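Quick notes on the structure that follows.
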Amino acid sequence: DELPRMHAAGLRGPVPVGGGNAIDVIYKRMTPGGERAAHWRIDKMPPPAFYKEVTRAFSALKQQAQAEGWPELIICPLDEVDASRSDFGAGVYRAVRDAGFRTYITKNPLASDATPYHEGVDIWCSQPFSTPYESIVGQDRFEYWSYPNHNAGEIKDRRVMQKGGRMSYGYGLWRSGYTTLIPWH
């Protein structure tokens, strides 16, 4: 519903889109008795057919987007998946990428549970700037976005926000190799 308004305002994309609501519906429908807590801590793994259904649903969205002439949609299927469920999260990311979308993940690429996601992720969206500039510009597989939670108002001490804010919003972002600023707030 928002895309026509965005287009009329001159925004042409790409458009970051959260996919968690759709994933939640599919998970609940296909995983009887499965419960989900914060950060996608699920208590029961879905059946293998779940991932095929995710790909099918997002393939339908991809077809609609192309038919409607929408700008590129970049999907974040799940936000901040708990480390204990990286197997689930990585499967979802691969399923959405298999539908033809680029994906972004709100996770530090150097986190202990990041490796399973590499196959299904196109963009690492994290803070701090953990990947060195030289590593970012020396490859063309991944893009890096800055996701400055702690500089977006969570830390109310002005001295902390000022120091961190300069790194996220000024020279630090420019020299980081990260291409996009996507604040949490």
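The model shown is predicted, which means the values in this text are computed figures rather than measured ones. The residues of the chain are indexed from 1 along the displayed sequence.
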Legend entry - Stepwise side chain to side chain contact (heavy atoms under 4.5 Å, CB included) check, Ile123 with Ile74: CA-CA 9 Å; Ile123 301 161; Ile74 302 175; 3.8 Å; yes
Inset, instruction - Go through Arg29 and Glu53 one step at a time and tell me if the side chain to side chain contact (heavy atoms under 4.5 Å, CB included) criterion holds. - result: CA-CA 11 Å; Arg29 181 169 39 90; Glu53 179 61 15; 3.3 Å; yes
Legend entry - Chi angles and distances behind the side chain to side chain contact (heavy atoms under 4.5 Å, CB included) call for Arg36, Arg41: CA-CA 6 Å; Arg36 177 177 80 93; Arg41 282 188 309 268; over 6 Å; no
Inset, instruction - Could you check Trp40 against Ile23 for side chain to side chain contact (heavy atoms under 4.5 Å, CB included), going step by step and ending with a plain yes or no? - result: CA-CA 10 Å; Trp40 288 95; Ile23 303 298; 3.9 Å; yes
Inset, instruction - Could you give me the CA-CA distance, side-chain angles and deciding distance for Asp98 and Thr55, then say whether side-chain hydrogen bond (donor to acceptor under 3.5 Å, both in side chains) is met? - result: CA-CA 6 Å; Asp98 287 349; Thr55 299; 4.6 Å; no
Inset, instruction - Using the side-chain hydrogen bond (donor to acceptor under 3.5 Å, both in side chains) rule, take Thr179 and Glu143 through it: C-alpha gap first, then chi angles, then the decisive distance, then the call. - result: CA-CA 7 Å; Thr179 61; Glu143 190 174 329; 2.8 Å; yes
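Judged purely by atom type and a 3.5 angstrom limit, His39 uses its side chain to pair as donor or acceptor with the backbone of Glu80. Panel note: side chain Ser146, backbone Thr180; no donor-acceptor pair is recorded below 3.5 Å. Proximity of a side-chain donor or acceptor of Thr31 to a complementary backbone N or O of Tyr27 within less than 3.5 Å is detected.
With sequence neighbours excluded, the residues satisfying ring pair (Phe, Tyr, Trp, His ring centres under 6.0 Å) with His118 are Trp124, Phe142. Residues that satisfy the side chain to side chain contact (heavy atoms under 4.5 Å, CB included) test with Arg141, not counting sequence neighbours, are Arg97, Asp122, Gln139. Residues forming a side chain to side chain contact (heavy atoms under 4.5 Å, CB included) with Lys62 (at least two apart in sequence, or on another chain): Gln66, Phe101.
Taking every heavy atom of both residues into account, Asp87 and Tyr51 meet most closely at O-OH, 4.4 Å. Taking all atoms of both residues into account, the shortest heavy-atom contact from Leu78 to Thr106 is O-OG1, 4.3 Å. Residue Pro116 comes nearest to Arg94 through the heavy atom pair O-NH1, 3.8 Å, listed as atom of the first residue, atom of the second, then distance. Between Tyr117 and Gly89 the shortest heavy-atom distance is CE2-C, 3.4 Å. Across all non-hydrogen atoms, the minimal contact from Ile136 to Gly177 is CG2-O, 3.4 Å.
A salt bridge between Lys44 and Glu35 is absent, with no side-chain N of the basic residue lying under 4.0 Å from a carboxylate O of the acidic one. Using a cut-off of 4.0 Å between Lys/Arg side-chain N and Asp/Glu carboxylate O, Arg85 and Asp113 are scored as not salt-bridged. Salt bridge Lys28/Asp24: present, at least one basic N to carboxylate O contact under 4.0 Å.
Of the inter-residue distances, the one linking Leu110 atom CG with Ser126 atom OG reads 8.0 Å to the nearest 0.5 angstrom. For the atom pair Thr131 OG1 and Asn108 CG, the distance stands at 7.0 Å (nearest 0.5 Å). For the atom pair NE2 of His7 and CH2 of Trp70, the computed distance is 13.0 Å after rounding to the nearest 0.5 Å. How far CG of Leu181 is from SG of Cys125: 9.0 Å, rounded to the nearest 0.5 Å.
Under a cut-off of 6.0 angstrom, the local environment of NZ in Lys52 is sparse, with at most 12 non-hydrogen atoms contributed by other residues, nucleotides or ligands. At most 12 non-hydrogen atoms from other residues, nucleotides or ligands lie less than 6.0 angstrom from CD of Glu2. The local environment of CD in Gln64 is crowded, with over 12 non-hydrogen atoms from other residues, nucleotides or ligands closer than 6.0 Å.
A heavy-atom distance below 4.5 Å is found between the side chains of Pro109 and Ser130. Between Pro14 and Pro71, the closest side-chain pair of non-hydrogen atoms is not below 4.5 Å. Ser176 places none of its side-chain heavy atoms less than 4.5 Å from the side chain of Tyr133. A 4.5 Å side-chain heavy-atom check between Ile182 and Pro16 finds at least one atom pair inside the cut-off. Val15 places none of its side-chain heavy atoms less than 4.5 Å from the side chain of Glu72.
Linking ILVMFWY side-chain heavy atoms closer than 4.5 Å, directly or via other members, places Leu11 and Ile75 in a single hydrophobic cluster. No continuous path of hydrophobic side-chain contacts links Val25 to Tyr93 [ILVMFWY only; heavy atoms under 4.5 Å].
A tilted orientation is assigned to the rings of Tyr178 and Tyr144, their planes being inclined by 30° to 60°.
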